[in-house]
Amino acid sequence: MSTSPRIYINGKFYDKMEAKVSVYDHGFLYGDGVFEGIRIYNGKVFKHKEHIDRLYDSARAIHLTIPISANEMIQAVEQTVKENNKKDGYIRLIVTRGAGSLGLDPRKCEPNIIIIVDDISLYPKALYENGMEIVTASTIRNHPNAVNARVKSLNYLNNILAKIEGIRAGCQEALMLNHKGEVAECTGDNIFIVKNDKLKTPPVDAGILEGITRNTVIELAQQLNIPFMETSMSRHDVYTADECFLTGSAAEIIAVTKCDERSIGSGKPGPITKKLQEAFKALIG
Ligand code: PXG
């Protein structure tokens, strides 16, 4: 079915062309708000509670009080999925500070809740089979003394600039470092490496988004008895890894076979990456 999406705004549904918020919304004026990107698999919202919890944590961190409860938000998302009759798709959940005056002061703003249910755009199939190439961006992820990277805020400019650097280098993703030069994550994905049969990923305090797919992969690794550790890493660790892959709601699990023009491991998606991809596929049904 290719009917136009029905968009939820503050409890009401609108056709895509009629779904509008004010140009005085501080989400638009200042990137003042938070969001989530969630998958629907087989009619079920994947890791629904985890995404809603992260949304409320992000909101709390930026002093934004969401005007409905987490349970009501879960209901609103379910209702929007139903309204759109979507079996497999993508949910973009946004809470903005809302419309106020033309100043930073948020006190006059009334938050807007927007839920979009649409299709997801995926990387080409060949990239999943052969692995992708990434480059290191010169733009760093958020400095910890600014907005914490754990907040999934509407301010994605660092990541967008890094993404543009990647695109200019002919890559679909770019590796972002933190202010100490350690590996943080990619622009919309977390990063893992495998070295000597051990799975490794940077800890949350490396300045990353605590990805829900990341946490799912960690759980799967534990179930599969794959040795795992969170550890800070440098680009050297990525270059010299046996395997490397990225995780995210959009990408799921995708192998990285080249970084900064260094071939990683065998130059093909590795066995532990494939094992985790299979386990992930089984999980989402
Ligand atoms: N790091 C960053 C900076 C992200 O934005 C992830 C990691 C992975 O987190 P999850 O919870 O999804 O495993 C993200 C998520 C898109 C899109 O349309 C981006 C994300 C998620 C869904 C869609 O580009 N980023």
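The residues of the chain are indexed from 1 along the displayed sequence. Note that ligands are numbered from 1 as they come in the structure, with each ligand's atoms numbered from 1 the same way. Note that the coordinates shown come from a computational prediction; the quantities given were computed from them, not determined experimentally.
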Quiz item: Which atom names give the shortest non-hydrogen contact between S249 and H51, and what distance separates them?
Solution: OG-CE1, 3.7 Å
Self-check item: Those atoms of ligand 1 less than 4.0 Å from some heavy atom in A250
Solution: 22 (C), 23 (C)
Quiz item: Below 4.0 Å from any atom of ligand 1, is there a heavy atom belonging to K152?
Solution: yes
Quiz item: Closer than 4.0 angstrom: is that true for some heavy atom of T187 and an atom of ligand 1?
Solution: yes
Practice problem: Could you tell me whether some N/O pair between I212 and ligand 1 is separated by less than 3.5 angstrom? | Solution: yes
Practice problem: Determine, for E230 against R214, whether the closest basic-nitrogen to carboxylate-oxygen distance falls under 4.0 angstrom. | Solution: yes
Exercise. Answer with yes or no whether the side chains of N130 and K268 bring together a donor and an acceptor at under 3.5 Å.
Key: no
Exercise. Decide whether D260 and T136 meet the rule of one side-chain donor and one side-chain acceptor closer than 3.5 Å.
Key: yes
Quiz item: Would you call the rings of F280 and Y41 parallel, tilted or perpendicular if under 30° counts as parallel and over 60° as perpendicular?
Solution: perpendicular
Quiz item: Is the count of non-hydrogen atoms from other residues, nucleotides or ligands lying under 6.0 Å from F28 atom CZ greater than 12?
Solution: no
Quiz item: Which residue and non-hydrogen atom of the protein lie closest to atom 21 (C) of ligand 1, and at what distance in Å?
Solution: S249 CB, 4.0 Å
Quiz prompt | E185/R141 ion pair, N-O < 4.0 Å | solution = yes
Quiz item: Considering distance alone, does some N or O of T247 sit under 3.5 Å from an N or O of ligand 1?
Solution: no
Quiz prompt | Heavy atoms of other groups near Y24 OH, more than 12 under 6.0 Å | solution = no
Quiz item: What atoms of ligand 1 come closer than 4.0 angstrom to any heavy atom of G211?
Solution: 9 (O), 10 (P), 11 (O), 13 (O)
Quiz item: Charged N to carboxylate O below 4.0 Å: is that the case for R6 and D15?
Solution: yes
Quiz item: What part of I120, side chain from CB on, backbone N/CA/C/O, both or neither, has a heavy atom under 4.0 Å from ligand 1?
Solution: neither
Practice problem: Provide, to 0.1 Å, the distance between atom 17 (C) of ligand 1 and the closest protein heavy atom, together with that atom's residue and name. | Solution: Y90 OH, 3.8 Å
Quiz item: What is the closest protein heavy atom to atom 13 (O) of ligand 1, and at what distance does it sit?
Solution: T213 OG1, 2.6 Å
Self-check item: For atom 1 (N) of ligand 1, the protein heavy atom that lies nearest, with its residue and separation
Solution: E185 OE1, 2.6 Å
Quiz item: Any idea which part of R141 is under 4.0 Å from ligand 1, heavy-atom wise: side chain, backbone, both or neither?
Solution: side chain
Quiz prompt | N/O separation below 3.5 Å, E210 to ligand 1 | solution = no
Quiz item: What residue and heavy atom of the protein are closest to atom 14 (C) of ligand 1, and at what distance?
Solution: G188 O, 3.3 Å
Quiz item: R54: heavy atom below 4.0 Å from ligand 1, yes or no?
Solution: yes
Quiz prompt | Pair R39 + E252: basic N to acidic O under 4.0 Å | solution = yes
Quiz item: Within a reach of under 6.0 Å around NZ of K44, are more than 12 heavy atoms found that belong to other residues, nucleotides or ligands?
Solution: no
Self-check item: Polar contact flag, side-chain donor to acceptor under 3.5 angstrom, N148-N142
Solution: no
Exercise. Output the list of atoms in ligand 1 that are nearer than 4.0 Å to some heavy atom of R92, sorted by atom number.
Key: 18 (O)
Quiz item: Quick one: which ligand 1 atoms are inside 4.0 Å of a heavy atom on Y156?
Solution: 2 (C), 3 (C), 4 (C), 5 (O)
Quiz item: Does atom 25 (N) of ligand 1 have any protein heavy atom closer than 4.0 Å?
Solution: yes
Quiz item: Numbering the atoms of ligand 1 from 1, which are under 4.0 Å from a heavy atom of N159?
Solution: 3 (C)
